[in-house]
Every structure is written in C-alpha cells, then in structure tokens.
Amino acid sequence: MSIVLRILLILFSFITMISMIKKIRSSKVQIEYSIFWILFSVGIIVIAVFPQIVTELAELIGVQSPVNMIFLIIIFILIVRLFQLTVQISQLEYKLKELVQKIAILSSDKNNETKKNPRE
Amino acid sequence: MKVLVIIPAYNEEENIEAVIDNLISNYSEYDYVIINDGSKDKTSEICHGHGYNIVDLPVNLGLAGAFQTGLKYADLNGYDYAVQLDADGQHNPKYISDMLKKIQENNDDIVIASRFETEKKPWSMRMLGSRLISGAIKLTTGKHLTDPTSGMRMYNRKMIHEFAANINYGPEPDTVSFLIKQGAKVESVQVTMDERTAGESYLNLSRSMIYMVRMIISIVLINNFRKR
C-alpha cells in the first residue's frame with residue numbers, strides 16, 4: 001500500500017469524524033447514529049497505520065493486491081450499513097403512517113362527538 | 001412542592017398493576033404518570049381499566065423517547081421534581097423520600113439511586129460494564145459515580161426543562177457525565193433494588209455490548225465536543 005494512499009485514508013477518516021462531531025455540536029444528529037461513523041473512521045485509521053493487517057488478509061483470501069482488499073472491506077461494511085438503514089427507513093415510514101392516521105382520526109369531528117358520549 | 005413519578009412501560013402487563021397499586025396506596029403524596037411506549041400486550045387496557053393516569057404513545061419510541069415524554073409532561077404541568085421508576089418492580093418507591101431529601105438539602109440537579117454508595121460492588125460480568133462506565137466518567141469529569149447505570153434518577157426543575165427540550169438527552173450515564181462536565185451537581189443515595197418479578201429483561205449480551213461501546217465512546221470522546 002502506497003504511503004500516499006495511507007495518508008489519504010487517515011486524512012479522510014479524520015474529516016469524517018470531525019464532520020460528525022460538528023453535527024452533534026449543532027444538535028443535528030443523535031449520538032446513536034454517530035457511533036457507526038466514529039467506529040468506521042477509527043477502523044480505517046487502524047488499517048492505514050498497520051497495513052500488514054490488510055496484506056495478510058488479502059493473501060489469506062486470495063485477493064491480488066492489498067488495496068483491493070481495502071476496497072472490499074469498505075464496500076462490505078457500507079453494504080451492511082445500507083441494509084440496516086433500509087430496514088430503519090421502512091420502520092420509520094410505517095411509524096409515520098401510524099401517527100398520521102391516528103392524529104387524523106382523533107381530530108375528526110365524528111370522534112369528538114363520541115368522546116362527549118362515552119360508549120358505556 | 002410537586003413531585004412526579006414517571007413510569008415508562010413497554011409490555012409490562014405482568015408487573016404494572018402491582019407497581020402502580022403500591023404507589024397509589026402507600027405513596028399518594030407523589031403524582032405519577034405511566035408512559036405506555038406502544039406496548040403490544042395488555043398494558044394499556046389494564047391501566048385504563050383501573051383508571052390509572054396513563055399517556056399512550058401511538059408508536060414505540062424506545063426508553064429515551066418514552067421517558068422524555070414524561071419529562072415534557074412534568075415540564076408542562078410545573079412539577080418541581082421528577083423521578084424515573086421502572087415498571088418491572090425493581091425500583092422501590094420507598095427510596096423516593098431519601099432522594100427528595102438529598103436533592104433539596106444540597107440543591108442538587110440530579111440524584112441517582114445507587115446500589116453501591118455504601119455497599120460493595122460485586123465482581124460480576126454485569127458489574128464489569130458498570131465499572132468501565134464509572135471509570136470513564138471519573139476520567140473525564142473527576143466525579144466518582146458509584147452506580148451510573150441505575151435507572152432510578154431524580155431531576156430538579158431546571159433539569160426537567162433541559163431534558164424535555166433537547167436532542168441527545170437520553171436518561172443514560174453519558175448524559176449525566178456530560179452534565180457533570182458542564183457544572184451540574186449530581187449526587188447519589190444508597191438503595192436496594194429487587195430483581196424483576198416477571199417478564200424478560202431488555203438487555204441481553206449483544207445488546208449490552210453495543211450499549212457499552214456506545215456509552216464509552218460517548219463519554220470519552222463525544223462529550224468533550226458537545227455544547228450545552
């Protein structure tokens with residue numbers, strides 16, 4: 001792995017981390033959601049500082065060059081995260097629908113009348 | 001002086017009746033509110049059947065969202081103190097008076113019901129996590145909290161308002177640590193907690209691991225950069 005690539009990986013990891021922390025400072029992101037990005041950045045920094053990890057892993061799996069191994073690792077992690085986010089978005093949409101429907105029913109005139117005359 | 005007991009409840013049909021009946025008959029000096037966090041079992045029906053004071057969330061928000069609902073309720077209704085009490089029966093309301101005494105005496109912002117203020121903390125796997133979080137808080141704030149993961153905490157009016165209005169103010173050790181760093185006064189009182197009487201605990205091994213990682217990163221790294 002070239003020294004330039006290693007420096008770039010470290011640089012971009014730090015930028016990612018700082019951007020995330022800035023978002024938390026301005027109350028734009030919940031801490032739960034920043035944890036992934038912080039762990040991800042730390043992981044990339046570790047790989048950039050100790051490239052032997054990737055070199056040996058590449059040999060083990062049979063990937064030609066260590067750089068490809070890094071791409072593979074990053075793509076794999078991002079796909080897993082994308083999968084989780086798809087599930088989360090789907091759940092959010094379901095919750096939003098539930099909320100909208102419930103509020104609409106509660107604020108409809110018909111329901112307000114039944115509230116005045118309880119079922120019992 | 002008004003005190004509100006906030007009881008977040010998610011699928012607690014087996015425990016909720018005993019907990020609330022005990023509160024009503026023996027501790028009527030405190031107001032209470034149950035926050036039903038979109039339970040799928042009969043929790044809501046049981047509470048409405050008994051005429052308990054309950055807020056039903058239409059969807060599941062998780063503990064932080066449910067508890068914040070209780071604090072918003074406290075804030076809107078002008079309560080002086082709010083205390084979290086778990087619906088599973090492991091928190092005994094008899095300690096609320098001790099917490100109240102402490103918070104008024106020292107003009108504290110938060111008082112934590114600690115299992116290990118005077119008692120010794122056992123060396124179990126579960127307590128390893130507690131020690132790690134204690135250590136992280138000590139490292140970053142200089143304050144030694146004997147039981148940072150205890151859910152039974154009392155908040156004064158200022159804290160109620162702050163917790164009700166902000167993002168990233170979950171009822172967890174990292175928020176407490178952040179507030180100590182920002183100058184809040186946090187103390188503990190000794191209590192004994194019961195094992196949960198029925199139902200299943202939310203925390204299994206993998207969830208506990210994720211929780212620990214999240215807490216440690218939040219306390220050691222993120223809290224240094226947050227602004228109040």
Side-chain angles (χ1 to χ4, degrees), chain A residues 10 13-46 77 80-81 83-85 87-108 111-112 114-115 118-120, chain B residues 10 36-40 44-45 48-49 51 55-69 133 136 162-179 181-182 206-207 209-228:
Chain A
I10 292 172
S13 296
F14 271 112
I15 293 173
T16 309
M17 229 190 281
I18 291 165
S19 316
M20 216 58 215
I21 285 167
K22 269 190 174 167
K23 288 284 170 202
I24 294 173
R25 259 180 84 82
S26 54
S27 298
K28 295 246 163 55
V29 172
Q30 297 188 49
I31 291 171
E32 286 86 332
Y33 290 84
S34 69
I35 300 293
F36 165 79
W37 290 104
I38 285 166
L39 287 178
F40 183 70
S41 310
V42 170
I44 301 290
I45 292 171
V46 170
I77 292 171
V80 170
R81 188 69 189 137
F83 181 84
Q84 291 174 333
L85 287 178
V87 175
Q88 278 177 6
I89 290 175
S90 169
Q91 281 174 347
L92 275 180
E93 211 169 296
Y94 169 73
K95 281 185 180 177
L96 181 69
K97 195 191 73 195
E98 289 273 295
L99 276 178
V100 171
Q101 290 169 340
K102 213 156 249 180
I103 291 172
I105 291 169
L106 281 176
S107 60
S108 73
N111 189 71
N112 290 341
T114 51
K115 249 190 179 168
R119 276 163 289 172
E120 289 129 288
Chain B
Y10 179 63
N36 169 35
D37 191 12
S39 295
K40 291 183 176 67
S44 179
E45 283 95 319
H48 284 289
V55 172
D56 284 300
L57 299 179
V59 294
N60 178 264
L61 288 184
L63 176 66
F67 183 63
Q68 196 182 38
T69 311
I133 293 177
E162 196 169 337
F163 271 73
N166 286 298
I167 188 177
N168 286 327
Y169 272 70
E172 299 294 352
D174 62 330
T175 312
V176 176
S177 175
F178 170 65
L179 288 167
K181 223 178 155 78
Q182 300 287 328
S206 68
R207 280 210 179 108
M209 299 273 276
I210 293 168
Y211 176 85
M212 282 303 303
V213 171
R214 181 210 176 297
M215 282 304 141
I216 297 296
I217 291 179
S218 187
I219 291 168
V220 175
L221 181 72
I222 296 172
N223 277 354
N224 296 314
F225 302 102
R226 280 171 73 181
K227 66 172 186 237
R228 198 168 173 180

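Chain naming here is simple, since letters A, B, ... match the order of the sequence lines and numbering starts at 1 in each.
The shortest distance between side-chain heavy atoms of B:P58 and A:E98 does not fall below 4.5 Å. Counting heavy atoms from C-beta outward, B:Y169 and B:E162 have side chains that approach closer than 4.5 Å. Within the 4.5 Å cutoff, the side chain of A:F14 has heavy atoms near those of the A:I45 side chain.
Only the side chain of A:L39 comes within less than 4.5 Å of a heavy atom of chain B; its backbone N, CA, C and O stay farther away. Heavy-atom distances place both the backbone and the side chain of A:E32 under 4.5 Å from chain B. Looking at A:I31, the atoms closer than 4.5 Å to chain B (heavy atoms on both sides) sit in the backbone and in the side chain alike. Within the 4.5 angstrom heavy-atom criterion, only side-chain atoms of A:K102, from C-beta onward, approach chain B.
Annotation: maximal heavy-atom pairing with chain A below 4.5 Å, among B:V59, B:N224, B:L221, occurs at B:V59. Of the listed residues (B:N60, B:N166, B:I210, B:V213), the greatest number of heavy-atom pairs within a distance under 4.5 Å of chain A belongs to B:N60.
Checked for salt-bridge contact, B:E172 and B:R214 miss the test: no charged N lies under 4.0 Å from a carboxylate O.
Inspection of the B:N36 and B:S39 side chains reveals an N or O donor paired with an N or O acceptor under 3.5 Å.
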